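Single-structure report; data block below.
In this text, all values refer to a predicted model and were calculated from it rather than measured experimentally. We number each residue from 1, following the sequence as shown.
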Amino acid sequence: MLKGHQSWIFENNPVIAGTAAIVGPFEGQGPLAHDFDIVHGDLRLGQDSWEKAERTLLEEAANLAIEKAGITKESINFLIGGDLMNQIISSTFAARTLQIPYIGVFGACSTSMESLALAANLVNSGSAKYVMSSACSHNATAEKQFRYPTEYGSQKPPTAQYSVTGAGVSVLTQHGEGPYVTSATMGRVVDMGITDPFNMGAAMAPAAVDTIQAHFRDLQIEPGYYDLIVTGDLSKVGYAIANELFDKHKFPIHQTVYKDCGMMMYDYEKQTVQAGGSGCGCSATVTYGHLLRRMREKELNRILVVATGALLSPISYQQGETIPCIAHAVSIENEVRKL
């Protein structure tokens, strides 16, 4: 059901029946390591290219999420997913292997919640019994496509971020015990004129704030409704800017705990990640690994995940274009929402 201008309320309460979060070796050295289902020790995952390794991450996560949901692959009506590669090839090739009807989406690093929101809408409307949502990224593939291949050893400024190697997958269904996907707010494209591909946090922060404000405006609730609001991958620079914008707009973010997945993924003292984590796999693995574990253990009951994405294209950047951004918000709760 449409609520306000750009939000959906899922009155039939789609259930997250199974999740999987699989990461690479560097992510396995961070503070959330024990919350991931699998930590690979080899960045290539035994494949002969970075791209094949990324695809393998997603295939493994998909199969594990299906297993944890207690169903068969044939039960899944649709797979909704995307990634950062040209023509979202990681998701497309994984869908080829899985042979599940496929809806490819692209929201850059916001894809994790874009796919989850669309999956919830299909389940909520009765258009599907089981829908899988996914997002993945790989540090070496992202660096090669958007900046400089890792092998170049290029220097990065402090504002740069470290792309997460990981895949996160969820399976939604119509019946069962929570957590439930209760609402979603789809963001607008926001462009504040940033042109620096090494400063994605500054570019994405205004989009995150815009979507968060829209969510509370549409649903007519206060930030204190949630135990936690988490953005996708603003990291240190964008997180600081977002807080400044909340203050400027007199938005009461202080009513709740506000964190960022890009800052949660790594240990700043021990790992060289500049401003923090990024990539489609960042919010996907933090949400489906760390946050959902905390919800199942009742440490959290209501969370709002606001995945953030810089819609950076190497082609448009080379033509002098700015970097448009977007953010999509999804609320996940342990109890059925009553608004």
Could you report the tightest heavy-atom contact between [X] and [Y], atom names first, then the distance?
X: Gly126; Y: Gln174; value: CA-NE2, 3.8 Å
X: Ser134; Y: Leu58; value: CB-CD1, 3.6 Å
X: Ala310; Y: Cys325; value: CA-SG, 3.7 Å

Legend entry - Within 6.0 angstrom of Glu74 CD, more than 12 heavy atoms from elsewhere: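 Correct, the count exceeds 12.
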Inset, instruction - State whether Arg293 and Glu299 are salt-bridged, where the test is any N-O pair (Lys NZ or Arg NE/NH1/NH2 against Asp/Glu carboxylate O) under 4.0 Å. - result: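 Result for this pair is yes, salt bridge flagged.
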Inset, instruction - List for me each residue that meets side chain to side chain donor-acceptor pair (under 3.5 Å) alongside Thr92, sequence neighbours excluded, and say none if there are none. - result: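 So Thr92 forms a side chain to side chain donor-acceptor pair (under 3.5 Å) with Tyr102.
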Inset, instruction - Could you tell me which residues satisfy side chain to side chain donor-acceptor pair (under 3.5 Å) with Thr173, sequence neighbours excluded, listed by chain and number? - result: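 Listed in chain order: nothing, the list is empty.
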Excluding sequence neighbours, so at least two apart, what forms side chain to side chain contact (heavy atoms under 4.5 Å, CB included) with [X]?
X: Ala214; answer: Gln6, Thr185, Arg217
X: Gln274; answer: Lys156, Ala160, Thr272
X: Asn243; answer: Tyr239, Phe246, Ile253, Tyr258

Legend entry - Ile22, Ile38, Val169, Asp83 screened by side chain to side chain contact (heavy atoms under 4.5 Å, CB included) with Leu57, the one that passes: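 The side chain to side chain contact (heavy atoms under 4.5 Å, CB included) with Leu57 is passed solely by Ile22 among Ile22, Ile38, Val169, Asp83.
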Legend entry - Any side-chain heavy-atom pair of Asn13 and Thr182 under 4.5 Å: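 In contact.
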Inset, instruction - Over 60° means perpendicular and under 30° means parallel, so classify the ring planes of Tyr266 and Tyr162, tilted if in between. - result: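 Judged by the thresholds at 30° and 60°, the geometry between Tyr162 and Tyr266 is perpendicular.
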Legend entry - Sequence neighbours excluded, every pair satisfying salt bridge (Lys or Arg N to Asp or Glu O under 4.0 Å) that has a member inside residues 243-259: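 Passing the test, one end in residues 243-259: no pairs.
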Inset, instruction - Dump the intermediate steps for side chain to side chain donor-acceptor pair (under 3.5 Å) on Asp233 and Thr308, then the final yes or no. - result: CA-CA 6 Å; Asp233 58 344; Thr308 45; 2.7 Å; yes
